[in-house]
Trainee: 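Can you keep this structure in mind? I'll have questions shortly.
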2 protein chains.
Amino acid sequence: MAKEGADMTEETQYMIDRNAGKEGVSVESPSNAKEMRAVVLAGFGGLNKLRVTKKAMPEPQNGEVKIRVKACGLNFLDLMVRQGNIDNPPKTPLVPGFECCGIVESVGENTQGFEIGDRVMAFMNYNAWAEVVCTPVDFVYKMPDEMMFAEAAAFSLNFVAAYMMLFEVAKLREGMSVLVHSAGGAVGQAVAQLCSTVPNITVFGIASCFKHASIKDSVTHLFDRNTDYIQEIKKISPDGVDIVLDCLCGENTGKSLSLLKPLGTYILYGASNMVTGETKSFFSFAKSWWQVEKVNPIKLYEENKVIAGFSLLNLLFKQGRCSLVKSVMDKLLSLYEQKKIRPLVDSLWALEEVKEAMQRIHDRGNIGKLILDVEKSPTPLMANDSTETSEAGEEEEEPEGDNDSKERMPFIH
Amino acid sequence: MAKEGADMTEETQYMIDRNAGKEGVSVESPSNAKEMRAVVLAGFGGLNKLRVTKKAMPEPQNGEVKIRVKACGLNFLDLMVRQGNIDNPPKTPLVPGFECCGIVESVGENTQGFEIGDRVMAFMNYNAWAEVVCTPVDFVYKMPDEMMFAEAAAFSLNFVAAYMMLFEVAKLREGMSVLVHSAGGAVGQAVAQLCSTVPNITVFGIASCFKHASIKDSVTHLFDRNTDYIQEIKKISPDGVDIVLDCLCGENTGKSLSLLKPLGTYILYGASNMVTGETKSFFSFAKSWWQVEKVNPIKLYEENKVIAGFSLLNLLFKQGRCSLVKSVMDKLLSLYEQKKIRPLVDSLWALEEVKEAMQRIHDRGNIGKLILDVEKSPTPLMANDSTETSEAGEEEEEPEGDNDSKERMPFIH
């Protein structure tokens with residue numbers, strides 16, 4: 001992967017600029033090209049650190065596949081990476097992005113299980129937001145025939161994380177109750193769908209008010225983030241809940257722990273409260289870190305509680321649990337083929353629109369997943385004409401008749 | 001239960017004295033007696049706070065059974081109670097003890113499921129160390145016909161705790177590895193036996209050297225408490241272990257957490273390192289409490305680890321999970337009847353010998369469970385004659401030919 005992050009001197013940097021957006025898609029894309037487009041983070045900081053640049057075309061090594069990328073997933077973690085707001089941040093410049101999907105364009109030596117032309121989705125340890133990626137087959141999965149690329153880019157990280165938290169860490173069983181913060185986010189919606197595959201699960205969701213109309217059918221009880229939802233939940237379920245899924249961390253942690261039933265499991269799977277503004281404030285980072293209520297194991301003993309942390313990316317890329325994740329992916333694809341789960345896509349963005357997409361996720365404006373559509377042209381945001389046509393072709397369900405909206409339109413509602 | 005702890009004025013107190021031991025069993029035991037013998041803790045502190053006294057005979061209330069006790073379990077927690085070294089200690093004087101077994105002597109009104117003459121074992125919220133107890137049926141379980149009373153008193157707390165930790169909290173599965181501190185204790189031995197019911201489980205046990213010969217066959221790898229067992233285990237299993245069961249707390253906690261595999265579960269089920277001497281030192285208690293490494297949830301997130309606390313007594317008596325425990329007990333009794341598990345009894349002691357028994361568990365001299373045998377006569381410890389005959393009759397396997405030992409002999413080895 002280092003091969004992609006190298007050689008900035010050869011790169012032609014494009015400022016991401018709405019007016020210059022068209023230049024971004026004018027690059028030829030045949031497989032004999034020497035260069036490809038990618039989003040590059042020049043240094044940690046604000047949105048202005050992001051550029052679309054040309055980079056040397058990667059070639060697959062031993063055991064790797066080369067994928068012509070169709071779509072990439074954008075996650076809250078990408079914001080934290082941009083700010084350098086993570087443990088042991090990598091060196092910049094780097095290409096962000098942890099998941100993508102596309103078509104296998106070539107395979108390296110000793111690469112088994114994949115052929116040219118296979119439609120695949122992949123986890124990446126960075127470097128996903130590019131026209132072409134190379135990655136070991138351990139992190140690559142074949143897409144079902146009926147799955148669109150926009151869905152595939154929204155599928156891997158959120159559904160695998162949701163599944164493993166509910167069934168591997170917490171062992172969801174019939175009759176249990178689950179509290180999910182950020183119920184309108186992509187993980188929250190994956191959690192809600194997976195809960196519906198088990199009989200008699202009560203899902204308490206927390207989300208901003210404006211999302212309630214869209215997601216109210218996906219959970220049992222929905223609460224506004226700004227209300228005293230802890231008290232509301234206690235009214236409905238005085239005994240508490242069996243599982244709490246928290247991606248916020250911070251002051252919610254203590255409150256959420258108090259909501260746990262005996263033998264209940266609290267799972268922290270993110271720390272998005274650490275992102276307080278566009279740029280990293282070391283003070284706010286440190287403050288959040290220390291504000292997190294540390295847990296005395298003896299208190300857990302007295303209260304019979306379980307507290308867990310879950311990071312799928314660490315599990316994959318630091319802890320080598322590829323085969324476990326593969327087995328989970330197999331179960332999830334089976335559920336997808338049975339039409340029991342389906343990723344909820346919020347909106348599609350061109351690579352050149354990554355800033356606006358990041359701002360949307362920062363403002364928690366999304367309902368479901370934000371997707372970078374590699375073949376899409378950037379859309380002048382204020383335009384009233386219908387330039388928001390996609391080049392993703394068959395993979396995209398373009399909402400019809402709404403292209404005159406000044407707001408980016410949701411992909412699937 | 002308050003009815004038993006009352007009225008100290010009517011009690012005749014016997015100092016537990018080896019030479020006066022015989023007085024303890026001279027009390028008549030017919031069912032029309034107005035009094036019964038019990039161990040009483042006069043106040044929190046050292047061994048001298050324990051006495052055997054006569055107390056008013058309890059009578060069963062609504063939904064309760066009255067049990068003529070045959071044997072009681074002695075647990076490390078009883079030492080912590082004696083020292084007042086627990087959260088929210090109850091008022092003294094009190095009758096200690098959390099588990100016993102015996103024969104149903106009468107039943108209260110609206111008491112269903114039990115009849116006079118039933119052989120039963122019971123969890124008690126204190127008050128177990130007595131000739132007669134009354135308790136709600138929620139905490140009472142019928143003994144299998146083939147189970148001896150000494151086994152029953154060693155069964156409930158340790159096997160239920162071990163089972164729930166392995167299968168409810170941590171979800172032990174084929175191929176996993178388990179580290180158990182205090183492998184020679186009653187919970188440790190229950191853990192080892194339950195692990196053997198699942199294919200291909202590696203059990204790492206920590207125990208004092210002198211116990212190794214006795215318990216080496218019960219675990220896969222055995223380490224001396226005083227060696228650097230963390231390093232030894234890492235040599236055998238560089239990846240770590242899936243489950244750590246820790247009843248010690250203190251500095252072991254951090255070390256044990258470092259041994260956990262990703263997605264592994266650390267379970268604290270006791271805090272016996274808080275007991276540092278015969279009497280409670282508030283300073284050492286507070287020191288231990290604060291020395292326990294508190295856990296930052298964000299660290300758990302990065303490392304994909306799970307930390308849990310487990311207290312069976314809180315689960316039963318504060319958190320009302322009787323029916324869950326009942327279902328676990330059913331599974332355990334089935335395993336017992338299939339001869340897959342069998343409690344390991346260290347030794348039997350008369351009520352009047354509770355001090356010596358407590359000293360033995362304090363010194364970690366036991367291998368398996370210490371039992372208070374209610375019908376047993378106290379034995380002069382230094383005597384060479386064979387006064388160590390039991391009145392428990394059919395329920396006891398008295399080790400033959402070893403009564404001339406100056407040390408208390410193990411019950412089952």
Side-chain angles (χ1 to χ4, degrees), chain A residues 86-88 164-165 167-171 173 239-240 246-247 249-250 252-254 256-257 261-271 273-274 288-316 318-321 324-325, chain B residues 86-88 164-165 167-171 173 239-240 246-247 249-250 252-254 256-257 261-271 273-274 288-316 318-321 324-325:
Chain A
I86 54 172
D87 199 35
N88 294 318
M164 293 190 76
M165 290 192 288
F167 297 104
E168 295 280 328
V169 180
K171 285 84 180 182
R173 285 192 297 253
D239 207 23
D246 183 7
C247 61
C249 210
N252 295 287
T253 306
S256 301
L257 266 171
K261 281 185 190 176
L263 299 182
T265 304
Y266 165 94
I267 307 178
L268 178 71
Y269 67 97
N273 271 354
M274 286 196 189
S288 299
W289 176 274
W290 290 111
Q291 263 182 353
V292 173
E293 196 179 339
K294 282 168 211 65
V295 179
N296 189 321
I298 294 176
K299 187 142 180 79
L300 296 176
Y301 161 72
E302 284 163 359
E303 298 183 350
N304 278 305
K305 289 182 177 174
V306 182
I307 178 165
F310 184 77
S311 161
L312 178 56
L313 293 171
N314 285 356
L315 201 67
L316 280 166
K318 289 188 185 170
Q319 296 154 4
R321 289 301 185 278
L324 175 61
V325 171
Chain B
I86 53 172
D87 199 36
N88 293 318
M164 292 191 77
M165 290 192 288
F167 297 102
E168 295 280 328
V169 179
K171 285 83 179 181
R173 285 192 298 252
D239 207 23
D246 183 7
C247 63
C249 210
N252 296 287
T253 305
S256 302
L257 267 171
K261 281 185 190 175
L263 299 182
T265 305
Y266 165 94
I267 307 178
L268 178 72
Y269 67 97
N273 271 354
M274 286 195 189
S288 300
W289 176 273
W290 291 111
Q291 264 182 352
V292 173
E293 195 178 342
K294 284 172 208 66
V295 179
N296 189 322
I298 294 175
K299 187 142 180 80
L300 297 177
Y301 160 73
E302 284 163 0
E303 298 184 350
N304 277 305
K305 289 181 177 176
V306 182
I307 178 165
F310 184 77
S311 161
L312 178 56
L313 294 171
N314 285 356
L315 202 66
L316 280 166
K318 288 187 184 170
Q319 296 155 2
R321 290 300 186 279
L324 175 62
V325 171

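Chain naming here is simple, since letters A, B, ... match the order of the sequence lines and numbering starts at 1 in each. What's counted below: heavy atoms across the whole structure, side chains too, no hydrogens, waters or symmetry copies.
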Trainee: Just verifying a value: how many Å separate Q319(B) CD and K305(A) NZ, rounded to the nearest 0.5 Å?
Mentor: 8.0 Å
Trainee: Looking only at heavy atoms, which two atoms of V306(A) and A308(B) are closest? And how far apart?
Mentor: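 Minimum heavy-atom separation between V306(A) and A308(B): CG2-CB, 3.7 Å.
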Trainee: Only pairs of heavy atoms separated by less than 4.5 Å count here; which of T265(B), D239(B), I267(B) has the most with chain A?
Mentor: D239(B)
Trainee: Is there a side-chain contact between E302(B) and N314(A) (heavy atoms, below 4.5 Å)?
Mentor: yes
Trainee: Where on L324(A) is there a heavy atom nearer than 4.5 Å to chain B: the side chain, the backbone, both, or neither?
Mentor: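 Just the side chain, heavy atoms under 4.5 Å.
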Trainee: Less than 4.5 Å apart, any side-chain heavy atom of M164(B) and any of L263(A)?
Mentor: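 They are in side-chain contact.
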Trainee: Would you say the side chain of L300(B) lies within less than 4.5 Å of the side chain of L268(A), judging by non-hydrogen atoms?
Mentor: no
Trainee: Where is the tightest heavy-atom contact between P262(A) and R321(B), given as atom of each residue plus distance?
Mentor: CD-NH2, 3.4 Å
Trainee: Using a cut-off of under 4.5 Å for heavy-atom pairs, which of L312(B), I307(B), L313(B) has the most such pairs with chain A?
Mentor: I307(B)
